[in-house]
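Since the structure comes first, as structure tokens, the remarks are kept for the end.
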Amino acid sequence: MNALLFATGSNILRPLRSDAVDIDYVARLAHLALSADEKARLGPQMAHILDWVRQMDEVTAADVPAASSAAMHLQFGRPDEPAPSLATEDALGNAPDGKAGLFRVPLIIER
Amino acid sequence: MELEPVIGLEIHVQLKTRTKLFCRCEAAFGDPPNTHTCPVCLGLPGALPVLNTKAVELGVRAALAINCTVNRASQFARKNYFYPDLPKGYQISQYDRPLASNGHLDAGEPAVRVRLTRLHLEEDAGKSMHEGFPDSDVRSYLDLNRCGVPLAEIVSEPDIRTPGQAHDFLTHLKTTLQYVDVSDCNMEEGSLRCDANVSLRLPGGPLPGYKVEVKNLNSFRNVQRALEYEIERQGKILRDGGEITRETRLYDADRGLTSSMRSKEEAHDYRYFPEPDLLPLEVTEEQIESIRATIPELFAEKSKRFADRYQLPGYDAAILASSKALADYFEECAVQSGNPKASSNWIMTEMMRELKNRTIDVPAFPISPASLALLIRRIDDGTITGKAAKEVFAILCEGGGDVDGIIKEKGLLQIQDDSAIEAAVAQVIQANPKPAEQYRNGKTATLGFLVGQVMKATGGRANPQKAGELLKRALS
């Protein structure tokens, strides 16, 4: 489990030293506009969190099956039976903008 | 400079479930927009996914049909990216632990083995619309009915070398998935989608250091055309000493070319991580085996059996086995009529023509296999002639009545009484003195014409063989 947790192709979560979190990159991926103050504060915090999780690497667990006891057996899912969905106006009611039963967003392709 | 294409495909098929992958909204196509959404598929805070076990079952079924090893333990992962058709901000997919791996399909003639890297489960995104609204220059519209619908993504190794092989492979894959009834595989409705990765190398050389992904391929024909275009385009650049970079291109079917897709997104860093809201998925050996036991006879096996058991030419057998619906139709008709050869002939000619003219599929064909079988029996037992049968077939196609009813109503019963045919023969000889004379003088080929005239005179109700015999006798 430990090795898998963050070794999944991500640049931010690959093993790196605490001071090496690229907070600009992380913020850009997350579409967050962070101020210089926030970056200075959140960068080390994030590194600290990663370090904390990385303690898992110190556990010898190579021969332990991943979360075998808590695995979701097929029978723990749910049957394929429909339940009522939200009314369209309720679904749209949570969105900033909608029209004619559709969600409306700023244009997402380049003309 | 000779260059060899290296092609790999990624195929998404929508699994045939009633509900979505992680919520109980209906997975229906074509309903009014945003009528099948809930807090889970809208990504509202606090909503939690619960796995649809039917989707897992269908995924396992698909995996077994394409010769994959089903992994006892797999894991859902979050693929993070921002796009409004995915309101959660991430897609629940599988990453380093897919549901199944290491499959293959042998397709084409001669057969080419295409290895399949993996099959994994993931949820679909919603549908975005950028055209047709008064403010389409500044706004996009979204229908999230499709959001969360279960998909199986199948990824091939780069084993395909020509656009034709890609076409053969996709056809075979579609047939296989339809056989095991895991998906409708309807490209128009989007229940089967295909992206292609293509690059060029020196023949037999190492894999190229780049690959170009081509998207927006909405038919197998377009997959083939887009690949042909792309191979030509890349070949020209490489032969001119240019370099090709990794990129995604969109196929424009109207203009028959691909163009670079500029993306506003960051370079792809999906920051995959295990989905914390779902436990690892474990499928037991017993579950895998019980699903394996329900896999029906597949295309290759079936076409061989049709050829052997029903004594059909290989070509005919392969066409009849090309879809499960057609194969089932044929087999029911063959068994009920007791005449497989005639069943095959009627299906391959009359029925196929009707399907094509009406642009419908087998399930929508108006004549049931039992009716066609009865029609064939009525020819075989001498009730009607083959010519009259075609008339009955045409009426059945228009949805009119039953075989025996039509025969009776239209007076199509074969003439059993020789004297009635003899009268027609005499009449035809009298009306066609020249061909009759030619026959008498040894030009036997005119007999066919005269038989045709007798058939016409009897409204197609004479037995053509009998008509021939009586003509010969009268002319001797």
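Below, chain A is the first sequence line, B the second, and so on; all start at residue 1. Bear in mind that the values here come from a model prediction, so they are computed numbers and not experimental data.
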Please tell me whether [X] and [Y] have a donor and an acceptor in their side chains that are separated by less than 3.5 angstrom.
{"X": "Y141(B)", "Y": "D135(B)", "result": "yes"}
{"X": "R78(A)", "Y": "T53(B)", "result": "no"}
{"X": "S183(B)", "Y": "Q14(B)", "result": "no"}

Crowding at NZ, K211(B) (>12 non-hydrogen neighbours, <6.0 Å): no

Contact winner vs chain B - R104(A), K99(A), E81(A), heavy-atom pairs under 4.5 Å: R104(A)

Side chain, backbone, both or neither of [X] within contact of chain A (heavy atoms, under 4.5 Å):
{"X": "C23(B)", "result": "backbone"}
{"X": "P39(B)", "result": "both"}
{"X": "Y90(B)", "result": "neither"}
{"X": "L58(B)", "result": "neither"}

Engaged part of D97(A) at the chain B interface, taking heavy atoms whose separation is under 4.5 Å: side chain

Mutual orientation of the aromatic rings belonging to Y272(B) and Y95(B) [parallel < 30°, tilted 30-60°, perpendicular > 60°]: parallel

